[in-house]
Amino acid sequence: MLFEIFTVPEYRGNAYIMETAGNGGCEFLWTAPLFKDNTVDQTQWGPVEDEEIVNAVLNSNEKIFLDEIAVADFNKLINTGQ
């Protein structure tokens, strides 16, 4: 299983991963900064806690695909902080 990594025009300097709940809704929204070449700083993933930003990202009409990451690899990054 893969997570899609995307950005939205309003927050173009950040990458996002939407972790879905069992009902298909968003359980967690994760973010990490983008480098100038649009690659993700994989060491900086953290949860988005600002409800306004969560809603803006999830309701954006334009999600720009950047990359994808295996769920297991993402979980290793989150659990080890590396």
Side-chain angles (χ1 to χ4, degrees):
M1 188 168 153
L2 298 171
F3 281 142
E4 183 176 287
I5 301 172
F6 65 95
T7 191
V8 296
E10 188 173 351
Y11 298 104
R12 187 65 193 237
N14 295 304
Y16 296 95
I17 288 177
M18 184 178 75
E19 189 173 346
T20 55
N23 66 2
C26 180
E27 184 168 352
F28 294 105
L29 184 66
W30 299 91
T31 188
L34 288 174
F35 293 118
K36 288 184 181 185
D37 65 356
N38 279 335
T39 59
V40 180
D41 184 348
Q42 299 283 6
T43 66
Q44 297 295 315
W45 285 109
V48 179
E49 296 180 7
D50 184 314
E51 201 67 32
E52 189 174 313
I53 294 173
V54 170
N55 289 331
V57 171
L58 296 180
N59 294 327
S60 177
N61 291 330
E62 185 180 358
K63 291 183 177 134
I64 303 160
F65 175 81
L66 298 172
D67 202 355
E68 54 192 19
I69 186 170
V71 172
D73 292 340
F74 179 72
N75 288 336
K76 285 179 194 172
L77 290 170
I78 297 303
N79 293 328
T80 63
Q82 297 178 8

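- Counting non-hydrogen atoms of other residues, nucleotides and ligands closer than 6.0 Å to CG of N61 gives a total of 12 or fewer.
- Annotation: the span from D67 atom CG to I17 atom CD1 amounts to 9.0 Å, rounded to 0.5 Å.
- In this structure, V57 and L29 have side chains that are in contact, with non-hydrogen atoms separated by less than 4.5 Å.
- A pairwise comparison of heavy atoms in V8 and Y16 identifies CG2-CE1, 4.4 Å as the closest pair.
- To the nearest 0.5 angstrom, N59 atom CG is 10.5 Å from E10 atom CD.
- For the atom pair CG of L34 and CG of N14, the computed distance is 6.5 Å after rounding to the nearest 0.5 Å.
- Taking 4.5 Å as the limit, every side-chain heavy atom of F3 sits out of range of all side-chain heavy atoms of W30.
- Heavy-atom minimum distance, L58 versus M18: CD2-SD, 3.4 Å.
- Between R12 and I64 there is a side-chain heavy-atom pair separated by less than 4.5 Å.
- F28 contributes atom CZ, which lies 10.0 Å from atom CD of E49 (distance to the nearest 0.5 angstrom).
- One hydrophobic cluster, built from ILVMFWY side chains closer than 4.5 Å, holds both L66 and M1.
- In this structure, W45 and V40 approach most closely via the heavy-atom pair CZ2-CG1, 3.6 Å.
- Once rounded to the nearest 0.5 Å, the distance linking CD1 of I5 with CZ of F65 reads 8.0 Å.
- Taking CD of Q42 as the start and CD1 of I78 as the end, the distance is 9.5 Å to the nearest 0.5 Å.
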